[in-house]
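Worksheet: one structure, shown below.
Atoms within a ligand are numbered from 1 in the order they appear, just like the ligands themselves.
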Amino acid sequence: MNPVVTISGGGIIGNYISLRLDKSNIKSVIIEKSKGQNSQKENIRTLTLNRFSKKLLDDIGIKVPFAAIKNIYVFDGDGSGKIDFSSTEIDEDDLSYVVFFNDLYDQLQNQERHQIFFDNEIEKIAIDNETNTSEITLSSKDKINTKFIAGCDGRNSNVAKIASLNEKKSSYDQTAITFTAKCELDNVEDAHQIFSEKGIFAIMPVPKNKADSSHTIVWSVDNKNITDNNIENYVYSNISYFEKKLATKIEVNSEILNFKLFNHHFENYISDHIVLVGDAAHSIHPLAGQGVNLGFADADALCEEIADSYERSIYIDQATTLKRYEIRRKNMNLLMLKSMDFFVNLFGSKNLYIKLLRNFGLSGVNKTQFLKKFFINHAAAKNNL
Ligand SMILES: Cc1cc2nc3c(=O)[nH]c(=O)nc-3n(C[C@H](O)[C@H](O)[C@H](O)COP(=O)(O)OP(=O)(O)OC[C@H]3O[C@@H](n4cnc5c(N)ncnc54)[C@H](O)[C@@H]3O)c2cc1C
């Protein structure tokens, strides 16, 4: 088998890259560790796509039900600071789009054009300088000769380990709790985010294909306040705090999922013919719902660079192609990661002066048109991050 690109990991980003390359007639194959398709699980977990990610999906014909967000209200539950964003301020119809993770995943994976090998993983990669390819040995002992190896295998990337790339990793000491709920907030196109001592609480509308639910909640809680065994208890004991802040009843109506939160970032995304993309290269706090959006921006840049190399010459120069990708994406991702860490630290602080500063900061930005526009454009992906 001689695909141009071998993709380790058939998650959202791995599947997108494969479909996108197919549009440029570039052959790829996906090696996925899990045993088979996800499908038919209850829709609980959501992703907030920015306008850029949605356009990338539209362009390859992927359509999933979504709930559009037109306004975002952010406030400090322990103080008076607040800031709001509206799509009208940037002359757009919407700021972002909530989709169910399973809907998007199934849509991407069920495309006929795919070649996916499940229950398999890359065991060894050896460069053959004569043919300018890499020979991959899979755990099934099958062999693949390929030009590029894209590591899209998530937070504990196997490909990054094989390439011995250096990682910086730290825990947020928080757990993200997520579930769907029924509630009667006035405007179905509003999202709210509350920073408080009970955690960072985001509530957003869900697509209409889950009839009994109106909203999704992503709630990040300090690990010192919960244990793995009392997460449900924590939700039911503390949700009334947010019900009061939002003046609505929030009726939990799904299983409560949880994810331990940490960030990681690789010093280099590339080594020989290998490249890291999406969560394999970086992961961030979900407070701004940007993780998969950074992955889509990575995937777009990588597919552009590979297609560009193909158009220019028959000889593929992997080092130059991948370096161009790394230059386009690494500092952008790092900037986002540092910004998220800044917010987590700012709102996690018990220091009185920092509390005053953040109240002043939020309300101050709300009154300063220039800064506000910058943040809205950024959230809606108009700043091209
Ligand atoms: C609670 C929560 C809420 C979030 N909300 C948002 C949001 O609103 N918006 C947003 O943009 N982002 C959000 N994110 C982040 C987003 O979920 C991730 O950034 C995104 O799913 C990463 O996609 P990926 O394809 O890069 O990696 P993954 O989804 O991790 O996919 C990796 C794939 O690789 C496979 N794999 C693993 N190991 C191997 C191996 N050795 N060999 C082969 N295959 C392997 C896995 O089985 C999987 O299929 C959220 C995250 C959390 C935890």
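Of all non-hydrogen atoms in P205 and H215, the two that sit nearest each other are N-CD2, 3.7 Å.
Within a 6.0 Å radius of CG in D212, other residues, nucleotides and ligands contribute more than 12 heavy atoms. When the shell of 6.0 Å around CD of E184 is examined, it contains 12 or fewer heavy atoms from other residues, nucleotides or ligands. Sparse packing is recorded around NZ of K168, with 12 or fewer heavy atoms of other residues, nucleotides or ligands lying under 6.0 Å away.
A distance of 4.5 Å separates NE2 of H192 from CG of L185, quoted to the nearest 0.5 Å.
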Every pair of nitrogen or oxygen atoms between ligand 1 and the protein that is under 3.5 angstrom apart - can you list them with their distances to 0.1 Å?
from, atom 1, to, atom 2, distance (Å)
ligand 1, 8 (O), T48, N, 2.8
ligand 1, 8 (O), T48, OG1, 3.2
ligand 1, 9 (N), T48, N, 3.3
ligand 1, 9 (N), T48, O, 3.3
ligand 1, 9 (N), G289, O, 3.1
ligand 1, 11 (O), G289, O, 3.2
ligand 1, 11 (O), G291, N, 3.3
ligand 1, 11 (O), V292, N, 2.8
ligand 1, 11 (O), N293, N, 3.3
ligand 1, 11 (O), N293, ND2, 3.3
ligand 1, 12 (N), G291, N, 3.4
ligand 1, 12 (N), V292, N, 3.1
ligand 1, 17 (O), R45, NH2, 2.6
ligand 1, 19 (O), D279, OD1, 2.8
ligand 1, 19 (O), D279, OD2, 3.4
ligand 1, 19 (O), V292, N, 3.2
ligand 1, 25 (O), I12, N, 3.3
ligand 1, 25 (O), I13, N, 3.1
ligand 1, 26 (O), D279, N, 3.0
ligand 1, 41 (N), E121, OE1, 2.8
ligand 1, 44 (N), K33, N, 3.2
ligand 1, 47 (O), E32, OE2, 2.7
ligand 1, 49 (O), E32, OE1, 2.8
ligand 1, 49 (O), E32, OE2, 3.3

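Note that R155 lies in the cation-pi zone of F262, set by a 6.0 Å cut-off to the ring centre and a 45° limit from the axis.
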